[in-house]
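Below is one structure, written out as structure tokens, with a few remarks after it.
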Amino acid sequence: MVQLYHPIGTNPFNDDKLHDECGVFGLHGHPDAAVHTALGLHALQHRGQEAAGIVSFDGTHFHSHRSLGNVGDHFSNASVIEQLSGYAAIGHVRYSTSGETVLRNVQPLFADLAGGGLAIAHNGNITNAKGLRRELEERGSIFQSTMDTEVIVHLIATGKEAGLVEKLIDALCRLNGAYALVIQTHEALIGARDPHGVRPLILGELDGGHILCSESCALDIIGANFIRDVKPGEVVVIDDKGVHSLQPFPKSVAQRFCVFEYIYFARPDSVVEGVNVYHARKRIGAELAREHGVNADVVVPVPDSGVPGAIGYSEQAGIPFDLGIIRNHYVGRTFIEPTDSIRHLGVRLKHNANRAALLGRRVVLIDDSIVRGTTSIKIVELVRAAGAKEVHMRVASPPTTHSCFYGVDTPTRDQLLASQMDVAAMAVHIGVDSLAFISIDGMYRAMGHEHRTPDRPQFCDACFTGDYPIELTDQLGGEDIAQLSFLDEAT
Ligand code: SF4
């Protein structure tokens with residue numbers, strides 16, 4: 001049987017990375033809103049590859065198309081785009097733990113409320129969604145999906161305030177968690193970020209229309225102009241009269257943007273929170289070289305995410321950069337499940353060692369992170385089999401010791417290699433001659449700070465420190481985190 005989706009940990013193409021679980025895009029005030037939204041989602045495909053959806057609004061009716069699979073699988077079809085008529089559209093790409101991916105969980109969600117239709121797309125995770133859902137169900141709400149995003153819809157639907165924006169703000173004030181939302185109503189496109197600003201959301205402009213999206217690469221693909229980041233805790237309402245900014249939350253809330261966006265999630269050609277991701281990764285690589293130099297002949301990235309860090313390391317260390325591992329870009333999540341006879345090939349289907357760059361050389365392998373360590377073991381085996389004399393691994397993030405509950409697909413702690421062993425034991429486990437990670441303060445230095453400020457850290461770094469900036473209300477409710485299937489539906 002052909003099977004396209006794999007429970008996490010069983011997918012032979014699993015790259016052993018944390019995965020951002022969603023990307024969002026919205027455009028208001030453009031005659032080709034849907035087609036630009038499809039292109040924007042295509043640029044955000046790296047943020048979610050399991051489902052995509054667009055809802056458009058033509059001034060009278062909403063139109064919706066949601067599918068499992070990649071954006072290009074469905075939204076390059078002219079007849080699909082033609083159905084999505086209107087001057088406004090929002091879209092969403094989704095990654096999930098895949099066994100749970102069913103069409104009813106694909107966004108944007110749409111609801112016909114008393115005050116008019118509402119479509120919503122969400123990147124993040126609501127950490128008190130379980131309790132809110134229980135409360136809403138006790139009051140008679142009937143849920144159609146298992147997504148935390150639907151809790152927001154029901155809070156708006158049952159809100160006592162007069163207007164839709166007021167109901168939304170009332171709903172947001174009840175949420176804990178991380179969210180970047182784009183919402184289309186019959187009157188406006190609305191964007192909102194949680195008060196800590198964990199997940200990114202930016203504002204752009206195209207031909208007089210306005211855009212909200214996760215990353216600037218989604219503006220570049222359609223030739224749109226960057227205006228600014230939506231501020232943490234800001235609600236932006238975009239209607240025919242322009243952009244209106246509301247700040248419903250106290251200004252004292254500390255900003256804690258996800259530092260992993262710079263390490264891995266965001267595309268290197270994006271600028272998020274005013275920082276170019278490519279430059280950030282190069283600076284992290286350079287800092288890694290300052291902290292953990294090694295005598296070697298060549299710096300080799302684990303492609304693709306290790307490339308900018310390896311360039312930075314190479315430049316700082318004065319050791320030549322070379323492509324010692326070649327990635328096959330045509331093997332991905334849409335590849336059919338292989339037969340048992342080729343399953344053992346595993347990582348070789350995606351990566352191959354370039355013997356010409358490795359034979360007889362002392363190699364520094366640069367990767368952006370180590371999660372379970374499963375891919376690292378196989379990559380090191382490949383590099384050794386290609387004749388490398390020594391293999392040293394340098395990692396452009398601190399050890400990942402904790403799970404993320406803010407919209408990122410993470411294994412439970414017991415599956416995170418760095419939570420189970422120290423660096424020396426990890427080196428033996430992975431099979432390298434030496435292993436080192438950038439320090440927490442080194443990472444902060446690369447991001448332009450002198451060091452991490454312990455009482456008011458500049459970023460969310462909880463997966464490295466366990467210092468969770470937003471209350472984990474559901475998770476701390478006495479339940480076993482690993483058993484909370486609802487959490488698996490993070491968006
Ligand atoms: Fe990002 Fe914080 Fe989640 Fe780590 S725990 S991935 S830093 S949001």
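Since this is a predicted model, take the numbers as computed values, not measurements. Counting starts at 1 for both ligands and their atoms, following the listed order. Side chains included, hydrogens not; waters and symmetry mates left out as well; all remaining heavy atoms used. Residues take their numbers from the sequence shown, with the count starting at 1.
At distances below 3.5 Å, not a single donor-acceptor pair connects side-chain atoms of Tyr406 with backbone N or O atoms of Cys258. A donor-acceptor contact shorter than 3.5 Å is absent between the side chain of Asp148 and the backbone of Ala129.
Between Phe459 and Phe260, the ring center distance fails the sub-6.0 Å criterion.
Near Arg199, with a cut-off below 4.0 Å to any heavy atom, the atoms of ligand 1 are 8 (S).
Here the side chains of Pro200 and Glu273 are not in contact, with every heavy-atom distance at 4.5 Å or above.
The pair Asp467-Arg452 counts as a salt bridge, with a side-chain nitrogen and a carboxylate oxygen less than 4.0 angstrom apart.
Below the 2.8 Å limit, atom 3 (Fe) of ligand 1 has as protein N, O or S neighbours Cys404 SG.
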Under 3.5 Å, which donor-acceptor pairs do the side chains of residues 281-289 form with other protein atoms, sequence neighbours left out?
residue, atom, partner, partner atom, Å
Arg281, NE, Tyr262, O, 2.6
Arg281, NE, Ile263, O, 3.2
Arg281, NH1, Ala266, O, 3.4
Arg281, NH2, Glu261, O, 3.4
Arg281, NH2, Tyr262, O, 3.4
Arg281, NH2, Tyr264, O, 3.2
Arg281, NH2, Ala266, O, 2.6
Arg283, NE, Ala446, O, 2.7
Arg283, NH2, Ala446, O, 3.4
Glu287, OE1, Arg290, NE, 3.4
Glu287, OE1, Arg290, NH2, 3.2
Glu287, OE2, Arg445, NE, 3.0
Glu287, OE2, Arg445, NH2, 3.2

